> 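Okay, handing you the structure first.
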Amino acid sequence: MTAMPAANLARITHDPGVMGGRPCIRGLRVTVGTVVGLLASGHSADEILKAYPYLEADDIRAALSYAAWRAEEAEIPLKAS
């Protein structure tokens with residue numbers, strides 16, 4: 001796995017007590033998957049910010065950056081000894 005880029009990804013949090021430990025935006029009960037899913041289904045960033053007024057534009061960019069980083073992961077199968 002490659003190292004997570006430091007950009008605005010400090011906004012992405014992992015807490016076992018919040019949303020089952022899934023990556024969330026700033027400890028809120030809004031997951032990265034929710035934000036990326038809304039974008040993928042055609043919602044604009046402005047629509048998301050209206051629906052979730054406690055989010056900021058940087059949160060949406062952080063969610064996309066995190067999703068892109070995770071998509072770059074590669075699993076390397078281990079060979080049996």
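Not measured: the values here are computed from a predicted model. Hydrogens, waters and symmetry mates are skipped; everything else that's a heavy atom, side chains included, is used.
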> Please report, to 0.1 Å, the donor-acceptor pairs under 3.5 Å made by any side chain of residues 26-38, with sequence neighbours excluded.
{"from": "Arg26", "atom 1": "NE", "to": "Asp59", "atom 2": "OD1", "distance (Å)": "3.0"}
{"from": "Arg26", "atom 1": "NE", "to": "Asp59", "atom 2": "OD2", "distance (Å)": "3.2"}
{"from": "Arg26", "atom 1": "NH2", "to": "Tyr54", "atom 2": "O", "distance (Å)": "2.7"}
{"from": "Arg26", "atom 1": "NH2", "to": "Asp59", "atom 2": "OD2", "distance (Å)": "2.8"}
{"from": "Thr31", "atom 1": "OG1", "to": "Thr34", "atom 2": "N", "distance (Å)": "3.0"}
{"from": "Thr31", "atom 1": "OG1", "to": "Thr34", "atom 2": "OG1", "distance (Å)": "2.8"}

> What are the two closest heavy atoms between Ala63 and Ile25, and how far apart are they?
CB-CD1, 4.0 Å

> Is there a donor-acceptor pair closer than 3.5 Å between any side-chain N or O of Glu47 and the backbone N or O of Ser44?
yes

> Measuring from Leu39:CG to Leu64:CG, what's the distance to the nearest 0.5 Å?
5.5 Å

> Quick check: does any side chain N or O of Arg22 sit under 3.5 Å from a backbone N or O of Met19, one acting as donor and the other as acceptor?
yes

> Which pair of heavy atoms, one from Ile12 and one from Tyr66, lies closest together, and at what distance?
CG2-CD1, 3.9 Å

> What is the distance from atom CG of Leu55 to atom CD1 of Ile48, rounded to the nearest 0.5 Å?
8.5 Å

> Could you tell me if the side chain of Glu56 sits less than 4.5 Å from the side chain of Arg11, heavy atoms only?
yes

